[in-house]
Amino acid sequence: MDIDKLHGWTAAISKLFEQRLRVKGPTLSRQVDRAGRLVPRRLRAEARYLAEADLLAQNPKLYRMVDMAHARRAHDALTEWLRGVDPKASRRARMLDRLTLIAFNLLLLAVALVGVLVWRGIL
């Protein structure tokens, strides 16, 4: 019964990773790796623990190594954080970051062009 709970928790977190962060992968551990810095460090560690616990639960002897209380805390913390993530706001922020970078690079290019023209005596 606890094994089914653990698999359910892992599946729920995996689904939230897909919905909220738009990070897909065959397993939760792969999703966590792909998410990278999108997830805070402490929660990344909790997600990795949950993925490892799910892997250990597949073997009846290794299942005894899983701390279900820790897995429950990890699930609760990840669920709370992921439900607070707004995919639209994240996408908007990434787009603004890209536009800011492009504008800054264009400004540097313009300054370099003016510098070359002054150096060559054209301006």
Side-chain angles (χ1 to χ4, degrees):
M1 183 165 106
D2 286 341
I3 295 173
D4 294 335
K5 276 186 187 178
L6 189 59
H7 290 310
W9 292 342
T10 305
I13 296 299
S14 179
K15 187 175 179 181
L16 283 172
F17 263 85
E18 284 185 30
Q19 290 174 349
R20 299 299 181 143
L21 298 178
R22 303 207 185 281
V23 176
K24 296 182 181 180
T27 62
L28 180 59
S29 62
R30 186 69 181 132
Q31 286 177 318
V32 172
D33 291 340
R34 287 182 180 169
R37 291 186 175 181
L38 293 175
V39 181
R41 183 183 300 174
R42 182 184 65 81
L43 292 175
R44 236 184 337 218
E46 295 291 343
R48 285 193 179 112
Y49 178 80
L50 196 59
E52 183 181 336
D54 188 46
L55 185 65
L56 289 175
Q58 295 175 4
N59 186 326
K61 287 188 179 184
L62 295 179
Y63 172 70
R64 293 184 222 155
M65 294 172 52
V66 176
D67 180 12
M68 287 303 287
H70 186 183
R72 176 65 181 185
R73 285 192 307 272
H75 170 263
D76 292 343
L78 284 163
T79 302
E80 181 182 340
W81 183 78
L82 285 168
R83 288 189 192 271
V85 172
D86 183 15
K88 289 181 183 178
S90 299
R91 196 172 330 127
R92 193 175 316 120
R94 281 194 305 266
M95 184 60 78
L96 284 175
D97 287 345
R98 287 180 186 155
L99 289 175
T100 303
L101 182 64
I102 290 170
F104 181 72
N105 285 335
L106 287 174
L107 179 67
L108 283 179
L109 182 65
V111 168
L113 181 64
V114 168
V116 167
L117 290 176
V118 168
W119 179 52
R120 298 272 211 124
I122 297 173
L123 281 182

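Values reported hereafter were calculated over all heavy atoms of this structure, with side chains retained and with hydrogens, waters and symmetry mates removed.
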Result of checking R73, R41, H70 against E46 for side-chain hydrogen bond (donor to acceptor under 3.5 Å, both in side chains): H70

Which heavy atom in A77 sits nearest to a heavy atom in L43, and how many Å separate them? CB-CD2, 3.8 Å

Heavy-atom closest pair, residues D67 and Y49: N-OH, 3.0 Å

Interatomic distance, L82 atom CG to K15 atom NZ [nearest 0.5 angstrom]: 13.5 Å

Looking only at atom types and distance, does a side-chain atom of S14 sit under 3.5 Å from a main-chain N or O of T10, one as donor and one as acceptor? no

V32 and F17: CA distance, side-chain angles, deciding distance, side chain to side chain contact (heavy atoms under 4.5 Å, CB included) verdict: CA-CA 8 Å; V32 172; F17 263 85; 4.1 Å; yes

Nearest 0.5 Å please: distance from the CG atom of N59 over to the CE atom of M65. 10.0 Å

Atom CG of L6 and atom CD of Q58: how far apart are they, to the nearest 0.5 Å? 9.5 Å

Do any N or O atoms from the side chain of R20 and from the backbone of V85 form a donor-acceptor pair under 3.5 angstrom? yes

Taking all atoms of both residues into account, what is the closest heavy-atom pair of D33 and R48, and its distance? OD1-NH2, 3.5 Å

Spatial distance of atom CG (L50) from atom CG (L78) [nearest 0.5 Å]: 7.0 Å

Heavy-atom nearest pair, P40 first then W81, reads CD-CZ2, 3.4 Å

Step by step, would you call E18 with Q31 a side chain to side chain contact (heavy atoms under 4.5 Å, CB included)? CA-CA 8 Å; E18 284 185 30; Q31 286 177 318; 3.4 Å; yes

Could you go step by step and tell me if L28 and D54 meet the side chain to side chain contact (heavy atoms under 4.5 Å, CB included) rule? CA-CA 9 Å; L28 180 59; D54 188 46; over 6 Å; no

Which residues satisfy the side-chain contact (heavy atoms from CB on, under 4.5 Å) test with A89, sequence neighbours excluded? D86, R92

If we ignore hydrogens and angles and just use 3.5 Å, is the side chain of R44 paired with the main-chain N or O of G36 as donor and acceptor? yes

Roughly how far, to the nearest 0.5 Å, is CE of M68 from CD1 of I3? 9.0 Å

Is it true that L62 and L55 fall in one hydrophobic cluster, defined by side-chain heavy atoms closer than 4.5 Å? no

Do side-chain atoms of R34 reach the backbone of K24 as a donor and acceptor pair under 3.5 angstrom? yes

d(T79 OG1, R83 CZ) to nearest 0.5 Å is 6.0 Å

Can you list, pair by pair, the side-chain donor-acceptor contacts under 3.5 Å of residues 95-110, counting residues two or more places apart and other chains?
from: T100; atom 1: OG1; to: L96; atom 2: O; distance (Å): 2.7
from: N105; atom 1: ND2; to: L101; atom 2: O; distance (Å): 3.4

